[in-house]
Amino acid sequence: MPMLSRLRCAALLAAFAFLALVAIQPAAAEVRIDITRGHMRPLPIAIPDMFGGQPQESQLGKDIARVVAADLERSGLFKPIDQRAFIQNVASLQAGPRFADWKQINAEALVSGKVEIGSDGRMRVEFRLWDVFSEGQMAGQAYTASPSGWRRIAHLVADSIYKRITGEDGYFDTQIVYISESGPKTDRKKRLAIMDQDGENHRYLTAGEDLVLTPRFSPTAREITYMSYFKGIPRVYVLQIDTGRRELLGDFPGMTFAPRFSPDGNKVVLSLAQDGNTELYEMNLMTRQKRRLTNHPAIDTSPSFSPDGSRIVFNSDRGGAQQIYTMDADGGNVARISFGDGRYATPVWSPRGDLIAFTKMKGGEFFIGVMHPDGSGERLLAQGFLVEGPTWAPNGRVLAFWKEGPSDERGRGISSRLYTIDLTGLNERQVLTPQDGSDPAWSPLIP
């Protein structure tokens, strides 16, 4: 990754639906993290509570700082310093950092901020990022929202810090949809659930009467496509997250699997089993017309578009065992790309276009891995009794997946949990959920 250039003031190009953002002029700075390295020392960063003149403002300042620190720490790239070590207090920090105090506790970066609630009840949150060694400001922004939006503000602040120091887009202002599971293995109750990427703001989207599988986000992050068994019949639905409105995508005359949106959100690609044969199809969401993409006696499933929509990666046993193939979006130029030992499944193209994540089965174990779109550079990141279903964070540097532990002969003791891991394979973290979880899908950045 090239050296970070000196920042210049820039206005944001798009406004959020409920946020107004104001850029603050930053000065030059040199602190940075090169996230392309396999091993790195987390950056020591000081994140004091944000200053608030009134009790509500002060509490919001503490809450926001806590979430910012947690986001950055989970990335594995930052090491928030214990606030008990701080020498300069929050109130005096408003007049500017005493850099000698922060150098004394070995902080390399510092975040300062304040929270104000106006007469209209709106909250204004301002933060600044400082390079302690060069004693210069690196970045700064102000966000305006209702006080109830404080948690999202915190994720936006963390995203801004992450991007300024790493040069890569952040991924904290996102959500994860997944399958919430409960009950014994022989009678699992599965519900569609959604939460922030850190596990907060959790809620259920379905009641659990019908089995649900393979949820996937649209490019807008406000729609989900998934498969549900209604009275034992598999159907593909599109769910509007904000309204809860559910629309039947289509009644197919066979089993349908793994629906996934195209990058422009106008189409869905899925696998359809008919007359003993499983092929890939594309459906236009405007016309509801479907088009067959593959024509082979093997099982073709788990399709995923490249970010530009020109290619599709999928899973097929046409070579005798489950392997990964790519093809043009119209079904042409099919090519096998996986040639390692074992079987491959659930491929998904990175939002950056540079990698394809997959599940691998070898020697009785399961692995989560990545490879380049031409099949080169295969690397295995996580392994276990059963690990499956990788999904990319929108910056293409972090994956979520799920692990399942073994059950006894009566189906008891089963446990499935969600995890994240970065591309180094060194920062695996559990995402806490109220019940068991499987089959996660990571949203794009929330508009």
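Sequential numbering from 1 along the given sequence is applied to the chain's residues. This one's a predicted model, so the numbers in the text were calculated from it and none came from an experiment.
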Would you say the side-chain atoms of [X] pair up with the backbone N or O of [Y], donor to acceptor, closer than 3.5 Å?
{"X": "Arg41", "Y": "Leu43", "result": "no"}
{"X": "Arg152", "Y": "Ala145", "result": "no"}
{"X": "Ser228", "Y": "Val212", "result": "no"}
{"X": "Asn395", "Y": "Arg397", "result": "yes"}
{"X": "Asn284", "Y": "Lys267", "result": "no"}
{"X": "Glu200", "Y": "Asp196", "result": "no"}
{"X": "Asp422", "Y": "Gly76", "result": "no"}
{"X": "Ser306", "Y": "Arg311", "result": "yes"}

Only counting residues at least two apart or in another chain, list the ones meeting side-chain hydrogen bond (donor to acceptor under 3.5 Å, both in side chains) with Glu223.
-> Gln240
Do [X] and [Y] meet the criterion of a side-chain donor-acceptor pair at a distance under 3.5 Å?
{"X": "Gln197", "Y": "Asp71", "value": "yes"}
{"X": "Thr144", "Y": "Arg122", "value": "no"}
{"X": "Asn427", "Y": "Arg429", "value": "yes"}

How far apart are the closest heavy atoms of [X] and [Y], and which atoms are they?
{"X": "Leu192", "Y": "Pro215", "result": "CD1-CB, 3.4 Å"}
{"X": "Pro48", "Y": "Val90", "result": "CB-CG2, 4.2 Å"}
{"X": "Phe314", "Y": "Pro303", "result": "CB-CA, 4.1 Å"}
{"X": "Ser112", "Y": "Trp130", "result": "OG-NE1, 3.0 Å"}
{"X": "Gly170", "Y": "Tyr162", "result": "CA-CD2, 3.6 Å"}
{"X": "Val177", "Y": "Leu205", "result": "CG2-CD1, 4.4 Å"}

Pair Tyr178 + His202: ring centers closer than 6.0 Å = yes
Could you tell me whether the side chain of Arg151 reaches within less than 4.5 Å of the side chain of Asp198, counting heavy atoms only?
-> yes
State, with a plain yes or no, whether a side-chain heavy atom of Leu355 is found less than 4.5 Å away from one of Trp392.
-> yes
At what distance, to the nearest 0.5 angstrom, does [atom1] of [X] lie from [atom2] of [Y]?
{"X": "Lys79", "Y": "Asp82", "atom1": "NZ", "atom2": "CG", "answer": "10.5 Å"}
{"X": "Leu239", "Y": "Arg222", "atom1": "CG", "atom2": "CZ", "answer": "10.5 Å"}
{"X": "Phe261", "Y": "Leu270", "atom1": "CZ", "atom2": "CG", "answer": "11.0 Å"}

Testing Lys62, Arg66, Gln83, Gln59 for side chain to side chain donor-acceptor pair (under 3.5 Å) with Asp49, which one passes?
-> Gln83
With sequence neighbours left out, which residue pairs that include part of residues 365-376 fulfil the side chain to side chain donor-acceptor pair (under 3.5 Å) condition?
-> Glu365-Gln383, Asp374-Ser376
So, Arg288 and Glu247, do they make that salt bridge, N to O below 4.0 Å?
-> yes
In terms of side-chain geometry, is the basic nitrogen of Arg216 or Asp439 positioned less than 4.0 Å from the acidic oxygen of its partner?
-> yes
